[in-house]
Amino acid sequence: MPRLKKSHKELIVKELACYTPSKEVQQKLRDEYGIEVSASQIAFYNPDNNSSKNLSEVWREQFRHIRNQYKDEVAKHDISAKGYRLGMLQKMFERQYVRGNDVLAAELLERAAKELGGAYEGKDPDTGDGVTINNYIQQVYNKIEGRESG
């Protein structure tokens with residue numbers, strides 16, 4: 001494992017705080033600094049992981065600060081609000097229904113039901129059990145990468 005410099009650690013913390021997957025962080029470190037870093041080294045800098053129990057308070061605070069900034073920035077966009085998304089889905093549904101496009105109308109109804117049921121908030125659509133958004137995002141990345149989530 002390479003010894004990480006402060007600039008490497010800053011990049012890792014910033015990217016993780018903005019929900020960047022570990023593989024992408026590894027690629028950025030490779031591209032920007034020419035170093036190979038393991039997924040476990042990267043995971044250490046995410047205070048949401050159990051592997052970061054020895055992470056210094058400085059990096060924890062930086063992570064929280066960046067994460068809050070990121071969330072605040074995302075919240076500024078209308079599309080991040082469930083009510084806005086449901087309103088747009090309603091308009092699209094009505095347009096497709098009037099046009100007789102039943103297939104797309106049904107898909108939009110399903111998407112609205114998932115939105116209401118919390119499917120996009122990391123809730124199990126069948127049970128309603130919640131998981132953290134980080135876990136949900138990781139499950140999505142695992143599926144994309146062909147790995148089953150645990």
Side-chain angles (χ1 to χ4, degrees), residues 1-93 95-96 104 107-150:
M1 284 194 289
R3 184 161 175 88
L4 298 177
K5 296 178 181 176
K6 183 178 180 185
S7 57
H8 304 147
K9 294 174 186 178
E10 287 173 344
L11 182 137
I12 293 169
V13 169
K14 178 184 138 265
E15 294 297 329
L16 291 175
C18 294
Y19 300 103
T20 304
S22 294
K23 284 195 177 236
E24 287 182 30
V25 178
Q26 285 174 307
Q27 187 63 47
K28 285 186 180 202
L29 288 165
R30 199 175 300 122
D31 294 347
E32 292 183 29
Y33 297 104
I35 62 170
E36 294 290 331
V37 179
S38 70
S40 61
Q41 259 184 301
I42 291 171
F44 176 78
Y45 290 92
N46 184 346
D48 293 341
N49 289 341
N50 292 332
S51 61
S52 68
K53 62 182 174 232
N54 294 325
L55 182 62
S56 76
E57 189 56 37
V58 171
W59 295 116
R60 288 177 185 281
E61 183 54 40
Q62 185 172 352
F63 181 94
R64 283 190 295 267
H65 176 72
I66 293 169
R67 173 68 55 93
N68 288 335
Q69 282 183 317
Y70 180 80
K71 286 181 176 180
D72 289 346
E73 189 60 34
V74 169
K76 290 178 184 176
H77 302 285
D78 290 340
I79 201 164
S80 70
K82 184 188 280 191
Y84 175 83
R85 293 189 304 269
L86 285 169
M88 293 303 292
L89 287 169
Q90 176 73 34
K91 290 176 188 175
M92 289 185 278
F93 166 78
R95 238 186 346 261
Q96 296 310 314
L104 185 53
E107 288 175 13
L108 291 165
L109 284 174
E110 180 181 3
R111 188 169 289 179
K114 286 180 178 178
E115 183 76 57
L116 283 169
Y120 302 118
E121 295 171 2
K123 292 183 180 174
D124 184 311
D126 298 323
T127 66
D129 292 339
V131 295
T132 67
I133 193 65
N134 281 345
N135 291 343
Y136 181 72
I137 290 169
Q138 190 58 54
Q139 289 170 8
V140 171
Y141 286 131
N142 287 345
K143 286 179 184 176
I144 290 169
E145 295 169 358
R147 294 182 284 140
E148 290 303 313
S149 59

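Starting from 1, each residue takes its place in the sequence as its number. Keep in mind the model is a prediction, meaning the values are calculated, not measured.
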Work out which heavy atom in Gln41 is nearest to a heavy atom in Leu4; give both atom names and the distance. NE2-CG, 3.8 Å
Between CG on residue Leu108 and NZ on residue Lys91, distance to nearest 0.5 Å: 14.0 Å
So which heavy atom on Ala17 is nearest to which on Ile66, and how close? CB-CG2, 3.5 Å
Any side-chain heavy atom of Lys6 within less than 4.5 Å of one from Lys9? no
Could you tell me whether the side chain of Phe63 reaches within less than 4.5 Å of the side chain of Leu55, counting heavy atoms only? no
Give a yes or no on whether a salt bridge exists between Arg30 and Glu24, defined as a side-chain N under 4.0 angstrom from a carboxylate O. no
Quick one: does Val37's side chain get under 4.5 Å of His8's, heavy atoms only? no
Euclidean distance, Glu15 CD relative to Gln26 CD, rounded to 0.5 Å: 12.5 Å
Charged N to carboxylate O below 4.0 Å: is that the case for Lys114 and Glu110? yes
In Å, rounded to the nearest 0.5 Å, how long is the span from CD of Glu10 to NZ of Lys5? 12.5 Å
Rounded to the nearest 0.5 Å, what's the gap from CG on Leu89 to NZ on Lys82? Could you check? 12.0 Å
Determine the minimum heavy-atom distance between Trp59 and Val13, stating which atoms define it. CE3-CG2, 3.7 Å
If you round to the nearest 0.5 Å, how far is NZ of Lys71 from SG of Cys18? 11.5 Å
Of all heavy-atom pairs between Ser52 and Asn46, which one has the smallest distance, and what is that distance? OG-O, 3.0 Å
Counting heavy atoms not belonging to Asn50, are there more than 12 under 6.0 Å from its CG? no
Here the pair of heavy atoms bringing Ser51 nearest to Phe44 is O-CD1, 3.3 Å
Hey, are the side chains of Glu107 and Leu104 touching, using non-hydrogen atoms and a 4.5 Å cut-off? yes
From Glu73 atom CD to Ser80 atom OG, the distance as rounded to the nearest 0.5 Å: 10.0 Å
Check Arg67 against Leu16 and note the closest heavy-atom contact, atom names and distance. NH2-O, 3.0 Å
Does Arg60 make a cation-pi contact with Tyr45, if we ask for NZ or CZ under 6.0 Å from the ring centre and within 45° of the axis? no
